[in-house]
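Heads up: the structure comes next, in structure tokens.
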Amino acid sequence: MISKNNQTLLNVQNLHANTQDTEILKGINLTVNHGEIHAIMGLNGSGKSTFAKVLAGHPDYIVTQGNIQFEQQDLLALPPEERAQAGVFLAFQYPIEIPGVANSQFLRLAYNTVQSKRGNDELDPLEFDDFVREKMKLLEMNPDFLDRSVNEGFSGGEKKRNEILQMALLEPKLGILDETDSGLDIDALKIVAKGVNHLRNEQNAIILITHYQRLLDHIVPDYVHVMEAGRIIKTGGKELALELEKHGYDWLHNDQQKNAGVSV
Amino acid sequence: MSAVLQNLVNQPYKHGFVTEIESEIAPKGLNEETIRLISEKKNEPEWLLDFRLKAYQKWLTMSEPNWQNVHYSKIDFQSISYYAAPKPKKKLASMDEVDPELLRTFEKLGVPMHERAALAGVAVDVVFDSVSVATTYKEKLAEVGIIFCSISEAVQKHPELVKQYLGTVVPVGDNFFAALNSAVFTDGSFCYIPKGVKCPMDLSTYFRINTEGSGQFERTLVIAEEGASVSYLEGCTAPQFDTNQLHAAVVELIAMDNADIKYSTVQNWYAGDENGIGGIYNFVTKRGLAKGVNSRISWTQVETGSAITWKYPSCILRGDNSVGEFYSVALTNNLQQADTGTKMIHIGKNTRSTIISKGISAGKSNSSYRGLVRITPNAQNARNFSQCDSMLVGDQCGAHTFPYIQVHNNSAKVEHEASTSKIGEDQLFYFAQRGIDSEEAVSMIVNGFCKEVFQQLPMEFAVEATKLLSFKLEGSVG
Ligand SMILES: Nc1ncnc2c1ncn2[C@@H]1O[C@H](COP(=O)(O)OP(=O)(O)O)[C@@H](O)[C@H]1O
Ligand SMILES: [Mg+2]
């Protein structure tokens with residue numbers, strides 16, 4: 001658990017968020033440094049996806065307290081598209097379908113928008129086609145995906161791969177993967193994990209939201225956090241995930257009582 | 001639904017200005033005298049005056065239709081001026097002689113006419129406030145025997161053709177607004193493609209309503225003789241006024257054996273402000289007669305303007321094996337209302353029709369698709385496919401579909417598909433998460449939704465239509 005790069009990428013302090021007058025996030029603290037991989041685990045309904053969406057700026061949620069620092073920027077002050085341009089990427093748990101919009105067109109617009117905001121050159125359709133096909137090879141995706149509408153009629157696994165493809169194109173500083181492993185068979189899981197590992201470097205960081213150890217066998221986290229009722233109730237190293245797998249989340253409550261102190 | 005999807009299309013109308021060209025305006029009101037005045041001004045033959053008077057008599061016996069799903073205050077037909085003509089300074093031999101004021105108007109509209117005509121190889125018959133001001137490329141078309149001119153000119157130079165076909169597809173008493181048009185139409189376009197001729201370029205007409213308070217009664221007649229084919233483009237914009245303006249055009253298309261007529265429209269008239277003040281009433285009768293065997297009539301329309309749109313470009317499939325097509329995008333926002341669709345009347349054997357209708361509603365607007373497919377008893381093996389998709393932007397707008405299917409022959413195959421979708425907040429968030437702002441997202445979703453229709457448009461128009469929709473939806477999401 002040695003920090004590979006001491007500069008902080010993301011610093012979340014006492015984050016509270018509501019939706020429809022119900023408080024869902026109840027004081028989250030989390031620091032992510034460049035080069036790190038953090039896993040967030042926890043039961044369904046504990047607020048993992050909400051946390052991910054609040055980081056990305058989903059309009060359904062209102063932040064009532066706390067702040068989020070992303071490198072030098074106040075993330076909460078940015079609209080969602082600027083957060084994405086700044087390097088926050090969310091691979092959705094349930095990627096939405098966009099009928100009528102060709103995947104290739106969507107991917108190119110996203111790529112070019114982000115590139116131009118970052119002061120880089122845009123690619124014309126032919127250049128982009130070469131570029132995206134190269135990335136698709138990494139994820140062993142059929143090029144047919146380019147001609148289909150965004151996520152429309154994709155299987156669960158295909159949608160997840162399409163998310164990782166977008167991550168590969170947009171090269172975020174912070175990749176948040178919300179249950180990207182759910183619904184993937186073991187072969188697909190390995191391919192996705194390979195893709196994610198390929199993308200990681202000392203300049204970026206990844207937050208993996210998952211229920212399963214099997215993903216963490218392939219993408220090894222530096223930290224494992226457990227969420228419950230809108231808070232991170234326990235943080236540990238990669239071995240924490242193994243313990244949870246063995247004993248379940250109830251064990252944590254007993255364990256927590258025994259150890260009393262919980263790192264954050 | 002949060003604020004993200006509120007605030008539809010509150011763009012000020014870009015084309016809102018009045019061009020100062022001297023106009024000659026008839027006194028307001030409609031009576032036999034007005035009609036005689038129009039006919040005399042235009043130096044028309046007796047038979048045309050009779051045509052007008054007959055239509056007027058019909059009109060007097062008719063009442064305004066009220067079955068359509070639109071609401072508007074009663075039109076006072078006596079407060080409309082039925083004739084307005086710009087006074088040309090002198091006879092125009094070339095584009096250079098066109099009133100510079102008019103050219104500036106086109107400039108403001110983003111229609112650089114020379115360029116359009118010269119570069120794109122499009123012949124532009126400019127209808128400006130009911131009277132043709134300039135016609136280009138006439139010689140080139142004349143070489144292959146094509147007649148493309150204002151209908152007034154056609155009445156003078158080719159009276160036998162006009163007399164033979166005028167009112168044969170849309171009879172004078174067809175409906176209230178068609179009768180009105182037949183009585184008072186001032187100008188429009190005439191196009192005749194002789195036997196076996198494939199028109200070498202798209203024919204294009206830009207309509208523009210200019211004089212405040214003057215109704216517009218355009219009349220268009222397109223005839224494709226045996227084996228002929230033509231692609232005809234009509235585009236419209238109008239300046240901003242507070243008084244509603246009535247537009248009641250009639251378009252008649254006639255396709256003989258093996259002839260093919262493709263008629264495309266991009267309509268962007270003033271829709272009124274966000275409170276629904278001003279705006280054009282667009283009550284149009286468009287009908288094509290696929291008269292000959294293997295003939296084809298294809299309508300493509302992109303309707304984005306007008307306070308109220310009421311139009312049903314239709315096909316009468318009389319010839320055996322004839323084909324009718326209707327591709328439509330209708331976008332409404334703010335308080336706009338549109339009731340549009342088509343009629344496919346299958347009479348001949350093995351006739352086929354396709355209907356693709358895409359309705360986009362935003363703001364507090366309402367849009368209805370109304371389509372009739374009628375298979376008459378003799379129409380052996382007729383086939384129709386209809387697809388009507390509606391898309392809602394925000395949650396204060398409405399979309400309605402009224403398909404009427406009348407099958408009187410058992411061999412017919414009629415398919416109807418319909419869908420309604422919504423641009424949802426989660427879709428917009430998905431785009432945003434990939435760095436794309438909501439305006440671009442909406443424009444991409446909407447253009448994707450309309451793809452099948454845009455593909456039918458000639459290249460130039462397709463680009464224009466895509467831009468137009470994006471422009472119309474600017475500010476539609478906050
Ligand atoms: N948009 C929303 N409206 C109402 N309740 C929500 C909404 N989003 C999340 N919640 C509620 O917040 C809690 C946390 O949900 P979520 O973040 O999806 O949990 P997890 O991803 O850990 O399964 C759940 O009780 C869920 O019902
Ligand atoms: Mg979740």
Side-chain angles (χ1 to χ4, degrees), chain A residues 19-20 52-53 55-62 78-103 105-118 148-152 159 162-163 165-167 169-172 175-176 178, chain B residues 1-7 327 329 331 356-360 387-395 417-455 462 466 469-470 473 477-478:
Chain A
T19 190
Q20 292 162 357
K53 285 193 254 180
L55 287 174
H58 196 290
D60 273 358
Y61 304 93
I62 298 161
L78 301 179
E81 62 272 18
E82 289 178 26
R83 297 186 196 193
Q85 291 155 11
V88 175
F89 181 89
L90 171 58
F92 287 86
Q93 182 174 0
Y94 304 109
I96 194 149
E97 302 189 352
I98 305 170
V101 175
N103 210 19
Q105 221 186 340
F106 173 75
L107 295 173
R108 192 166 73 91
L109 180 63
Y111 176 81
N112 280 340
T113 306
V114 165
Q115 287 300 95
S116 81
K117 295 289 176 191
R118 293 176 187 165
R148 290 165 63 180
S149 294
V150 181
N151 295 327
E152 194 184 32
K159 285 182 182 169
N162 202 34
E163 294 293 287
L165 173 64
Q166 295 176 53
M167 181 162 132
L169 292 172
L170 301 181
E171 297 182 334
I176 306 161
D178 190 357
Chain B
M1 181 116 348
S2 85
V4 178
L5 286 184
Q6 306 286 337
N7 180 22
Y327 298 95
V329 167
L331 180 147
I356 308 284
S357 162
K358 305 278 179 176
I360 302 156
Q387 185 182 327
C388 305
D389 299 322
S390 309
M391 176 172 272
L392 305 174
V393 185
D395 49 13
E417 287 178 10
S419 77
T420 300
S421 56
K422 211 166 180 167
I423 296 189
E425 199 166 74
D426 277 320
Q427 286 182 329
L428 297 183
F429 182 63
Y430 192 78
F431 276 88
Q433 217 309 298
R434 304 307 186 234
I436 302 163
D437 67 31
S438 44
E439 270 172 23
E440 270 200 275
V442 168
S443 131
M444 192 173 232
I445 294 170
V446 165
N447 284 319
F449 178 71
C450 301
K451 203 160 45 192
E452 289 156 283
V453 175
F454 287 173
Q455 279 167 353
T466 305
L469 285 201
S470 305
L473 284 163
V477 284

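Numbers restart at 1 for each chain; the letters A, B, ... are given by sequence-line order, proteins then strands.
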Pick whichever of A/R83, A/Q105, A/E82 has the most heavy-atom pairs under 4.5 Å with chain B.
A/Q105
Counting only heavy atoms closer than 4.5 Å, note whether A/P95 contacts chain B via side chain, backbone, both or neither.
both
Spacing of A/F106 atom CZ and B/I445 atom CD1 [to the nearest 0.5 Å]:
9.0 Å
Under the criterion side chain to side chain contact (heavy atoms under 4.5 Å, CB included), I'd like the reasoning laid out for A/L107 against B/R434: C-alpha separation, chi angles, the key distance, then a yes or no.
CA-CA 9 Å; A/L107 295 173; B/R434 304 307 186 234; over 6 Å; no
Taking A/V88's backbone N and O only, do any of them form a donor-acceptor pair with B/Q433's side chain (distance below 3.5 Å, no angle check)?
yes
Most chain A-contacting option - heavy-atom pairs closer than 4.5 Å, from B/E440, B/M444, B/K451:
B/M444
Decide yes or no for B/F429 and A/I96: does some side-chain heavy atom of the first lie under 4.5 Å from some side-chain heavy atom of the second?
no
Contact part of A/Y111 toward chain B, heavy-atom cut-off under 4.5 Å: side chain, backbone, both or neither?
neither
If you tally heavy-atom pairs under 4.5 Å between each of A/V150, A/V101, A/T113 and chain B, the highest tally belongs to A/V101
Bottom line for A/L170: the part with an atom under 4.5 Å from chain B's heavy atoms is side chain
Return the option, out of A/K53, A/Q166, A/Q85, with the maximum number of heavy-atom pairs under 4.5 Å with chain B.
A/Q166
Can you name the nearest heavy-atom pair linking B/A432 to A/A84, along with the distance?
O-CB, 3.5 Å
Can a donor-acceptor pair be found between the side chains of A/Y94 and B/D426 at a distance below 3.5 Å?
no
Can you say whether the rings of B/Y430 and A/F92 are parallel (under 30°), tilted (30 to 60°) or perpendicular (over 60°)?
tilted
